[in-house]
Amino acid sequence: MKYWLFKSEPDAFSIDDLASMPRKTDHWDGVRNYQARNFMRDEMKKGDQGFFYHSNCAEPAIVGIVEISREAYPDRTALDPKSNYYDSKSDPDNPRWFMVDVKLVRRLKRAIPFRELKEYSQLEDFPLVRRGNRLSVMPVTASQWKFILKKE
DNA sequence: GCCAACGTTGGC
DNA sequence: GCCAACGTTGGC
């Protein structure tokens, strides 16, 4: 089993939004970065767990834990001209973008701020805190996962 | 296949 | 709102 981190701007989709969905489950659409797509399409398995991270907001932080409840399938928003995530070059017969379903497992007992994550030497290889990192979906190692959970 | 220009991300 | 860092685009 692998571990992941999912970034979302809370103004667009927050952990509260996920919590309010039926079965606390939603599809993680709109990923339009090839590296992040490859993680979702090729490596995520049902039952993998991930952190839910709030970005681009007053206090960027890890706020919860999700679980992959459905493995990758085509992201239809790429084919919908009305969607913000529409990609005119995506071909229905050869989908370019994928999404997975995630289910909220629980919120963390406390949000762990980005500011704090940066300070731990144990996390210096954690992609989230690497300078200039822009991946919206990224892998978390088992040791990073455990370390972070001990800090909640 | 190079690389400058551009748009986006995201912490601050 | 700023701006550094990055991925993508497209002319050549």
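Order of the sequence lines fixes the chain letters, A, B, ..., with proteins taken first and strands second; residue numbering starts at 1 for each chain. Here the structure is a predicted model, which is why all the values come from computation and not from measurement.
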note = In B/S/- notation (B base, S sugar-phosphate only, - none; protein heavy atoms under 4.0 Å), nucleotides 7-12 of chain B written 5' to 3' is BBSBBS
message = Exactly one of Lys146(A), Arg110(A), Arg106(A) should register a salt bridge (charged side-chain N to carboxylate O under 4.0 Å, His left out) with Glu152(A). Which one does?
response = Arg106(A)
ask   = Considering residues at least two apart in sequence or located in another chain, which fulfil the side chain to side chain contact (heavy atoms under 4.5 Å, CB included) criterion with Lys24(A)?
value = Leu104(A)
task = Taking only Lys NZ, Arg NE, NH1 and NH2, and the carboxylate oxygens of Asp or Glu, determine whether Lys103(A) and Asp26(A) approach each other closer than 4.0 Å.
result = no
message = Is any side-chain heavy atom of Ser55(A) closer than 4.5 Å to one of Glu9(A)?
response = yes
task = Can you tell me which residue pairs pass the salt bridge (charged side-chain N to carboxylate O under 4.0 Å, His left out) test with a partner in residues 46-72 of chain A, sequence neighbours excluded?
result = Glu59(A)-Arg115(A)
